[in-house]
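Let me begin by handing over the structure; questions about it come next.
Read the numbers this way: they start at 1 and go in the same order the structure lists the ligands and their atoms. Reckoned from all heavy atoms, side chains included, excluding hydrogens, waters and symmetry mates.
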Amino acid sequence: AGSGKFFVGGNWKCNGTKESISKLVSDLNSVKLEPDVDVVVAPPFIYIDQVKNSLTDRIEISAQNSWIGKGGAFTGEISVEQLKDIGCKWVILGHSERRHVIGEDDQFIGKKAAYTLSQGLGVIACIGELLKEREEGKTFDVCFQQMKAFAGKLPWLYAVPSWDNIVIAYEPVWAIGTGKVATPQQAQEVHVAVRDWLKKNVSAEVASKTRIIYGGSVNGGNCAELAKEEDIDGFLVGGASLKGPEFATIVNAVT
Ligand code: PEP
């Protein structure tokens, strides 16, 4: 971890019931979380209100997705305004499951990010390569292309209003939900490259202050080694975030 405040997000994905979420919330309310870490959880939309009303204010709430613009006649979508209304502070955008299972592309994701930021919510901006892309030596190219969309560097995007509210999550797709975590060196190498990209394409200030977190099979056993790397500023956690005590171990990994 570097000098920025460590950031750990729990992505609950499409998991849980009223009952299991109530248990998870009560576990999270009772674990010890180091004070100097930003902690966020992303429940499924329909449970956000339940979580917001029962979870300690110590942990902020994120959505797992949002609509691209203002709400209206968009059946099945949830707007950023609605997320704000129920107390969300963050939105995860560009997650690999949305890119590769649902089919969202850079243009759609970049526009969602710009809109979300314009409405004052933070964005957990996910990037990461497929196994095939890594094997072909394209990891950096893929990550940089995805960064361009978040940075408003593609011709069809309006400028991203501010970098204060963006956390970059590097999540190699081959590591997500597979139990195959990137080595600390593999993650560090990409984090350095992304930081360098920010320096060249945005500014030195943004490069040094933007948190770049790692996601992909992080658990209570491997988090401490990863957290030692200079450019790993936190984690985005899927499976292990469904267990309160293990999630707390990951939050506290930096200390
Ligand atoms: C994720 O979905 O963002 C993720 C990193 O999942 P997992 O921790 O289960 O690999």
So, are R99 and D105 salt-bridged, with charged N and O less than 4.0 Å apart?
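Salt bridge flag = no for D105 with R99.
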Applying salt bridge (Lys or Arg N to Asp or Glu O under 4.0 Å), which residue pairs with at least one partner in residues 27-48 are found, sequence neighbours left out?
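Passing the test, one end in residues 27-48: K5-D38, K23-D27, K32-E34, D38-R211.
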Once side chain to side chain contact (heavy atoms under 4.5 Å, CB included) is applied, do any residues pair with A193, and if so which ones, sequence neighbours excluded?
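Listed in chain order: F140, F144.
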If you define the side chain from C-beta out and look only at heavy atoms, does anything of E129 sit under 4.5 Å from V173?
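No, side chains not in contact.
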Listed once per pair and sorted, the side-chain hydrogen bond (donor to acceptor under 3.5 Å, both in side chains) pairs that draw on residues 55-72, sequence neighbours left out
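Residue pairs with at least one partner in residues 55-72: E60-W90, N65-K112, S66-T116.
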4.5 Å side-chain heavy-atom contact, Y170 and L236:
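The answer is no, as the side chains (C-beta and beyond) never meet within the 4.5 Å cut-off.
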For a quick check: using heavy atoms under 4.0 Å, what are the residues in contact with ligand 1, sorted by chain and number?
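Under the 4.0 Å cut-off, ligand 1 touches N11, K13, H95, E171, A175, I176, G177, G215, G216, S217, L236, V237, G238, G239.
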